[in-house]
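Everything below concerns the one structure shown next.
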Protein chains: 2
Amino acid sequence: MRLTTKGRYAVTAMLDLAMHGDGAPVSLSDISDRQGISLSYLEQLFSKLRQRSLVNSVRGPGGGYSLARIPDSISVAEIIEAVNESVDATNCAGVGDCQNGEMCLTHYLWEDLSNQIRLFLGDISLGKLIARRDITSICERQDTASGNRVTVQATT
Amino acid sequence: MRLTTKGRYAVTAMLDLAMHGDGAPVSLSDISDRQGISLSYLEQLFSKLRQRSLVNSVRGPGGGYSLARIPDSISVAEIIEAVNESVDATNCAGVGDCQNGEMCLTHYLWEDLSNQIRLFLGDISLGKLIARRDITSICERQDTASGNRVTVQATT
DNA sequence: TTAATTCCGACTATTTTAGTCAAGTATTAT
DNA sequence: ATAATACTTGACTAAAATAGTCGGAATTAA
């Protein structure tokens, strides 16, 4: 479980999807405009999100992505692990052969901690994140033709 | 809060310190031998750990590092943040000026999540990590002169 | 058909991670 | 005092991950 800005990008994009996907698919260029994430980078992320069946895609005009499940059933842990491909490189394996052929002590300790984090993040869903702050969110995007800037307003 | 192998190195080293520091300071070369982490890399990490007052150093022969506080009062969050210098680059700040001069919605959402993680990891101390698995740990190091390999044994 | 959109692969730049190396400083056993 | 030990510091390098770019496909609504 690696926790970097990459994961935040993915969570942010999925949150955007959850808040704007009223049945209709949302295009990546819309998300790119709203969240300020490069379109091509979003493509990379969503390629992985689709592989993990977290989103569905619709091609062609009017197409885009939509959540594969309801926001309450998609956890932050799933999203982060989808894009980070969890390179769980335990360095202790290659070092000294700990006795009994088992891995060394700290490996277990870290694995334990890692599981706790996974459990914790697995319990935070997109739905919870949205609901946590009772937000009157106005996250509308101006008509593209108008050339206006993104409008995002949040009232606590 | 960034969570990578770098943080695990630091936590591992601090755990080693907690388990071998019987009053006397522990040298980095000992930790390097036991945990298979490069000595110079450990020096970098401990330089930051010392700056954050998580460890004390004793110079000269027989010197080394020891925990600045008892294991129960040193949290995983502190250790990780000490070595990761928490580059909390929120990308939304530079994008579009969200209305009211406030930051955009997802920033708050992520900040919220980030705080929860910090809270969670802040509650896990070195002491708790060691106690979690009731371990009969034999983590002795052979005499240096003998040239023998590190002996690490853990019985569940 | 045309335009909008996802898909796909290769490519690049920047940053971080991980590690090395060398020269230095402080401490203390002898 | 002196030498050994061990920390301290800074510069350097290599590999990997992150972040982003580009060009071109395939698909499909209009």
How many whole angstroms separate atom [atom1] of [X] from atom [atom2] of [N]?
X       : N      : atom1 : atom2 : value
B:Leu45 : D:dT8  : CG    : P     : 13 Å
B:Glu43 : C:dG19 : CD    : P     : 13 Å
A:Leu42 : C:dC7  : CG    : P     : 13 Å
A:Gln44 : D:dT18 : CD    : C1'   : 9 Å
B:Asn56 : D:dC7  : CG    : P     : 13 Å
B:Leu39 : D:dT8  : CG    : P     : 12 Å
A:Lys6  : C:dT17 : NZ    : P     : 14 Å
A:Arg59 : D:dT27 : CZ    : C1'   : 5 Å

When you measure from the side-chain N and O atoms of [X] to the phosphate of [N], is any distance below 4.0 Å, counting only OP1 and OP2?
X       : N      : result
A:Thr4  : D:dT18 : yes
A:Ser47 : C:dC7  : no
A:Ser57 : C:dC7  : yes
A:Ser40 : D:dC22 : no
A:Arg50 : C:dC7  : yes
A:Tyr65 : C:dC7  : yes
B:Ser29 : D:dA6  : no
B:Tyr9  : C:dG19 : yes

Look only at the side chain of A:Ser27 and the backbone of A:Gly64, and say whether a donor-acceptor pair between them is shorter than 3.5 Å.
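No, the answer is negative, given that no donor and acceptor are paired below the 3.5 Å cut-off.
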
With sugar-phosphate meaning primed atoms plus P, OP1 and OP2, does A:Phe46 contact a base, only sugar-phosphate, or nothing at under 4.0 Å between heavy atoms?
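Answer is nothing: A:Phe46 stays at 4.0 Å or more from every strand.
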
Applying a 4.0 Å non-hydrogen cut-off, can you work out what B:Leu28 is touching in the nucleic acid: base, sugar-phosphate, or nothing?
sugar-phosphate

Are A:Arg118 and A:Glu81 close enough for a salt bridge, meaning some N to O gap below 4.0 Å?
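Counted as a salt bridge, because a side-chain N and a carboxylate O are separated by less than 4.0 Å.
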
Any salt bridge linking A:Arg69 with A:Glu78? Criterion: basic side-chain nitrogen under 4.0 Å from a carboxylate oxygen.
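Salt bridge present between A:Arg69 and A:Glu78.
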
Are B:Leu39 and B:Leu49 connected into the same hydrophobic cluster when the rule is that any two of I, L, V, M, F, W, Y join if their side-chain heavy atoms are below 4.5 Å apart?
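Yes, same cluster.
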
Name the orientation class of the two ring planes belonging to B:Phe46 and B:Tyr65 (parallel below 30°, tilted from 30 to 60°, perpendicular beyond 60°).
tilted

